[in-house]
Amino acid sequence: MSLRSVAVVGASLAGLNAAATLRREGFKGRLVVFGDEAHMPYDRPPLSKEIVRREWPPERTALSLEGLAADIDWRLGARAVGLDASTRTLVFEGGREESFDGLVIATGAAPRRLPGASLPGVHVLRSLDDALALRDDLARPGVHIAVVGAGFVGQEVAASCRQLGLPVTMIEAVAPAAHVLGHEISAVFAALHRARGVDVRLGVAAAAFEADEGRLARVHLSDGRSIKADVAVVGIGVTPNTGWLEGSGLTIDNGVVCDETCLAAPGIVAAGDVARWPNPRYGELRRVEHWDNAVRQAEHAARRLLAGDDGAAVGAYRPVPWFWSDQYGLKLQLVGSTLAHDEVKIVYGSAAEERLVALYRRGDRLVAALGLASTGKLLRYRRMLEVDPTWEDALALAA
Amino acid sequence: MTLKLVVDWPLCDGNGVCTFEAPELLAIDDDDNLVVISETFDNDLLPKVEAAVCVCPKRALKIEKTG
């Protein structure tokens with residue numbers, strides 16, 4: 001099958017990188033990118049940082065099109081509502097249908113919401129529009145902010161609020177990013193935030209939002225206490241945007257399920273936050289919500305699509321995952337996967353110094369390394385993780 | 001044609017991902033700052049430099065082609 005037409009469904013980081021790769025690899029056919037947002041592709045990491053802190057105008061988040069714009073048909077504000085995978089026919093709001101020889105699914109994920117989340121003052125943070133609304137609400141005189149969920153979005157919002165000199169309470173059911181960091185390193189981040197004036201409440205959930213005069217006034221907690229807050233930011237994770245693919249014929253299970261080459265079905269690949277695939281490094285299906293993955297997986301998926309039936313020519317997508325978070329001018333970097341780790345060991349620095357490298361063991365292998373303000377040292381472990389090192393080798397490197 | 005790697009220094013905050021993609025041209029020093037080993041490069045390194053440009057989380061890298 002030779003491709004004469006490709007549609008990329010999703011116009012954010014993965015969608016853009018897939019489209020760019022298709023052209024770079026020599027695809028000359030019709031290329032259409034559909035996005036449900038009104039904006040041309042933009043970058044999400046600045047939303048919790050430069051945008052809410054008013055350091056950047058919104059236009060600075062725009063992703064560069066590097067001369068591609070003329071070569072691609074951009075359909076913004078176009079929401080795909082269905083797919084027939086056997087014919088690669090997309091269905092759009094209003095009933096319009098379009099068929100293509102190849103599809104890249106890059107529809108990303110949407111933030112989870114709490115009951116009462118439509119109350120003025122209660123925010124999620126995923127889109128540029130979300131960020132601008134939050135930014136504007138943070139300018140309210142005497143504002144008090146409640147961050148619900150101390151994952152990385154919540155932590156970055158809390159840090160940005162403190163950098164703006166605003167009072168913020170961070171409410172977390174377990175501990176900051178505990179499911180990723182493990183309890184010892186999670187405690188380092190709780191301390192980091194407390195040291196800078198965040199009121200960190202652990203082991204509690206937000207039970208209810210109380211309104212006064214039509215907007216948020218208090219957040220009630222599961223321990224019976226309540227906090228004054230007229231702005232709340234709910235950062236409790238995302239769910240993949242796969243509702244539109246029910247009945248399509250694709251396997252949908254916490255994302256679009258793909259093979260190890262990122263192929264979901266003949267002529268259909270997936271990439272980014274929506275894609276779930278078996279990374280041969282780990283041997284189980286995973287969905288990765290990192291920026292770096294959106295870039296790399298989109299590139300791999302595009303090449304897979306162009307390879308047609310010859311998946312072996314492209315091979316498996318087997319990255320070492322990489323993730324970063326910027327808080328208070330400190331850089332957290334995490335390379336590898338901490339899932340089901342058996343041990344974590346700090347091998348450089350310390351929590352007190354707010355500069356450290358921590359290694360994660362699963363069985364007898366190093367599976368991940370975390371750096372806080374330690375980029376150079378962490379890079380050595382990144383190199384090491386490419387070749388599946390033993391725990392002994394990892395400790396030897398640190399010695 | 002001359003190929004030149006251009007760093008937007010105010011945007012760069014030393015993530016170091018680029019040093020993986022193009023170690024011939026980019027490194028992180030002991031102070032965790034980016035070091036450009038050589039600004040200009042040959043065509044055979046272009047795929048690596050393009051990869052570095054794509055994976056920079058701060059979008060701080062650009063390639064300039066002159067001549």
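Letters A, B, ... mirror the listed sequences (proteins, then strands); counts begin at 1. Side chains are part of it too, since the values below use all heavy atoms of this structure and drop only hydrogens, waters and symmetry mates.
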What part of B:Leu11 is in contact with chain A, defined as an atom under 4.5 angstrom from a non-hydrogen atom: side chain, backbone, both or neither? side chain
Pairs involving residues 10-22 of chain A, ordered by first then second residue, that meet salt bridge (charged side-chain N to carboxylate O under 4.0 Å, His left out) (sequence neighbours left out): none
Could you list every donor-acceptor pair linking chain A to chain B (distance under 3.5 Å, backbone and side chains)?
residue, atom, partner, partner atom, Å
A:Asp43, OD2, B:Arg59, NE, 3.1
A:Arg60, O, B:Arg59, NH2, 3.3
A:Ala62, O, B:Arg59, NH1, 3.0
A:Arg296, NH1, B:Glu21, OE2, 2.9
A:Arg296, NH2, B:Glu21, OE2, 2.8
A:Asp326, OD2, B:Lys58, NZ, 2.7
A:Lys331, NZ, B:Asp13, OD1, 3.2
A:Lys331, NZ, B:Asp13, OD2, 3.0
A:Lys331, NZ, B:Asn15, OD1, 3.1
A:Gln333, NE2, B:Asn15, O, 3.0
A:Thr375, N, B:Asp32, OD2, 3.0
A:Thr375, OG1, B:Gly14, O, 3.3
A:Gly376, N, B:Asp32, OD1, 2.8

When B:Pro57, B:Gly16, B:Cys54 are compared by non-hydrogen pairs under 4.5 Å with chain A, the top option: B:Pro57
Counting only non-hydrogen atoms closer than 4.5 Å, does A:Ala373 touch chain B with its backbone (N, CA, C, O), its side chain (CB onward), both, or neither? backbone
